[in-house]
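For reference, the structure discussed in these notes is given below.
Side chains included, hydrogens not; waters and symmetry mates left out as well; all remaining heavy atoms used. Note that the structure is a prediction, hence the values are computed from the model and not measured.
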There are 2 protein chains.
Amino acid sequence: MLSKKTKYGLKALTYLASVDSKEPIQIAEIAKHENISQKFLESILLSLRRNGFLGSKKGKGGGYYLIKDPSEILMTTVMRVLEGPIAMVPCVSLNFYEKCDDCPDEHECSVHKLMLQVRDSALEVYRSNTLADLLE
Amino acid sequence: MLSKKTKYGLKALTYLASVDSKEPIQIAEIAKHENISQKFLESILLSLRRNGFLGSKKGKGGGYYLIKDPSEILMTTVMRVLEGPIAMVPCVSLNFYEKCDDCPDEHECSVHKLMLQVRDSALEVYRSNTLADLLE
DNA sequence: CCATTACCCTATCGTTTTTATAGATTTTAA
DNA sequence: TTAAAATCTATAAAAACGATAGGGTAATGG
C-alpha cells in the first residue's frame with residue numbers, strides 16, 4: 001500500500017506545479033485544495049524541502065514553491081524520498097539493500113527472483129515519469 | 001513492502017513444488033527447511049488450502065500437498081490471496097476497488113494516473129510467472 | 001486406545017502510520 | 001518596533017497492522 005504521506009506529497013507537488021507561480025503557496029491553501037490534514041502536510045512539505053524539491057519562505061506572504069522545473073523531477077527520486085525503497089523486499093533493493101536473515105542463498109530464492117522482476121518493472125514506470133507528466 | 005506472510009507463503013509453495021511428491025509434507029518440515037516460524041506458517045498454509053492451492057491430510061503421515069500443477073498456478077492469484085490487492089492504491093485496483101474519500105475526481109488525480117501504470121506493469125510480471133517459473 | 005498431525009481461536013507484543021497538540025522561531029508589513 | 005503570519009520543531013496519542021505464541025479440538029493411522 002502507498003502511504004498517505006506519499007500520496008499527499010505527490011498531490012502537493014502536483015498542485016504546486018499546476019499553479020505555476022513564482023509566489024510561495026501557503027500550506028493552508030494546499031491542504032484545503034487537496035483535502036489533507038494541514039499539520040500532517042506540514043511535515044511532508046518540510047521533508048520535501050530538506051530533500052531539495054521545494055523552497056520555502058517564512059512570514060507574511062510566505063509558503064512553499066517548486067525549486068526545479070516539473071519536467072526535471074523524476075518519480076524515482078520522489079518515491080524514494082517519500083515512500084522509501086521501490087523494491088518490495090530489501091534483498092532486491094538498489095538503494096536500500098539488505099540481506100534476508102532467513103535466506104541462505106539469494107540466487108536460489110524464488111521470492112527474490114520474482115521480486116526482482118517486479119522492481120524492474122516499477123522502476124521503468126517511475127523512470128519514465130516526471131512531475132510534468134502527471135500534470136496534464 | 002512485501003509482508004512476511006506472502007514471502008513465507010511463496011517459499012512454502014516453492015518448496016512443495018520442488019519436492020514434487022504425492023505424499024503430504026508436514027508443516028514442521030517446511031518450516032525447518034525455510035527457516036520460518038512454524039506457528040505462523042500454519043495459518044498461512046491454512047489459508048492457501050482454503051483458497052484452493054493446497055490439499056491437506058490430518059493425522060499420522062499427514063501434511064500439505066499441491067493440488068494443481070505448478071505451471072497452472074499463476075502469481076496473480078497467489079499474490080491476491082496472500083498479499084491482497086496488487087495495486088498500491090484502492091482506486092486503481094481491479095479486484096479490490098474503492099473510491100478515495102479525498103479525491104473529487106479520479107481522472108484528474110495525478111496519483112491515480114501514476115499508480116495505474118505501476119499496477120499494470122506489476123500485473124504483467126505476475127501474469128507471466130507461474131509457480132513453475134520460480135522453481136528452476 | 002494412543003500418538004501424531006492438521007485445524008482453529010485468541011491474545012499479545014511490537015512497530016509503523018497517521019493525526020493531533022503546543023509552542024518556538026523567523027520573516028514581513030505596517 | 002511591533003504584531004501578525006507563516007514556517008519550524010518536538011512530542012505523543014491513537015489507531016492500524018504485522019508477526020508470533022499458546023492452547024485446545026478434531027481427524028487419522030497403527
Side-chain angles (χ1 to χ4, degrees), chain A residues 1-12 16 23-32 34-51 53-67 81-85 88-90 96 98 100-102 111, chain B residues 1-12 16 23-32 34-51 53-67 81-85 88-90 96 98 100-102 111:
Chain A
M1 276 287 287
L2 196 74
S3 69
K4 298 218 169 178
K5 179 182 175 188
T6 304
K7 189 183 181 187
Y8 293 167
L10 281 172
K11 285 193 168 195
L16 287 175
E23 297 303 304
I25 310 290
Q26 294 157 28
I27 296 178
E29 180 181 336
I30 306 174
K32 195 178 170 191
E34 301 293 338
N35 295 309
I36 300 174
S37 145
Q38 173 163 347
K39 270 297 180 185
F40 192 24
L41 180 60
E42 221 175 283
S43 68
I44 297 168
L45 293 177
L46 198 57
S47 107
L48 285 174
R49 195 209 52 152
R50 290 201 177 113
N51 283 281
F53 297 102
L54 300 179
S56 69
K57 193 181 168 191
K58 288 185 182 178
K60 205 169 206 170
Y64 283 97
Y65 50 90
L66 280 179
I67 237 174
V81 162
L82 290 173
E83 188 75 3
M88 294 183 78
V89 165
F96 302 82
E98 227 171 291
C100 298
D101 43 357
D102 57 313
V111 177
Chain B
M1 276 287 286
L2 195 73
S3 69
K4 298 218 169 179
K5 179 183 174 187
T6 304
K7 187 182 183 188
Y8 294 167
L10 280 172
K11 286 194 168 194
L16 287 175
E23 296 303 302
I25 310 291
Q26 294 157 30
I27 297 179
E29 180 182 336
I30 306 174
K32 195 177 169 190
E34 301 294 337
N35 294 310
I36 300 174
S37 145
Q38 174 162 346
K39 268 297 183 183
F40 193 23
L41 182 59
E42 212 176 290
S43 67
I44 297 168
L45 293 176
L46 199 56
S47 107
L48 285 173
R49 195 212 52 156
R50 289 199 179 115
N51 284 282
F53 296 103
L54 300 180
S56 68
K57 194 181 167 190
K58 288 185 182 176
K60 204 168 206 170
Y64 283 97
Y65 50 92
L66 281 179
I67 238 174
V81 163
L82 290 173
E83 188 75 2
M88 294 183 77
V89 165
F96 301 81
E98 226 171 291
C100 298
D101 43 356
D102 57 312
V111 178

State, with a plain yes or no, whether a side-chain heavy atom of I44(A) is found less than 4.5 Å away from one of I36(A). no

Atom NZ of K39(A) to atom P of dA12(D): distance rounded to whole Å? 16 Å

In this structure, how many angstroms lie between the C1' atom of dG22(D) and the CZ atom of F40(B), rounded? 16 Å

For the NZ atom of K5(B) and the OG atom of S47(B), what is their distance to the nearest 0.5 Å? 4.5 Å

Can you measure Q26(A) atom CD to dT27(C) atom C1' for me and round it to whole angstrom units? 13 Å

Check every strand shown and say whether I27(B) touches a base, only sugar-phosphate, or nothing at a heavy-atom separation below 4.0 Å. sugar-phosphate

Starting from the 5' end of DNA chain D, give me the residue, S43(A) or K60(A), whose nearest nucleotide shows up first. K60(A)

Mind calculating the distance between CG (L48(B)) and P (dA6(C)) to the nearest angstrom? 14 Å

Nucleotide nearest S3(B) (side chain, heavy atoms from C-beta), chosen from dC8(C), dA19(D), dC8(D): dA19(D)

5′-ward residue of the pair S37(A)/K57(A) relative to DNA chain C: S37(A)

Nearest-nucleotide wise, let me know which of G61(A) and L46(B) is further upstream toward the 5' end of DNA chain C. L46(B)

To the nearest angstrom, the NZ-C1' distance between K7(A) and dT17(C) comes to 14 Å

So CD1 of I25(B) and CG of L45(B): to nearest 0.5 Å the spacing works out to 11.5 Å

L66(A) side, atom CG; L48(A) side, atom CG - distance, nearest 0.5 Å: 9.5 Å

Rounded distance in Å - CD (E29(A)) to C1' (dA6(D)): 14 Å

Between dT7(D) atom P and I44(A) atom CD1, what is the distance in whole Å? 14 Å

Would you say R50(A) places a side-chain N or O within less than 4.0 Å of OP1 or OP2 belonging to dT7(D)? no

So how far is it from M1(A) CE to T6(A) OG1, rounded to the nearest 0.5 Å? 11.0 Å

Can you tell me how far P of dA4(D) sits from NZ of K58(A), to the nearest Å? 19 Å

Remember a base hit wins even if backbone is also touched, and classify K4(A) as base, sugar-phosphate or nothing at under 4.0 Å, heavy atoms. sugar-phosphate

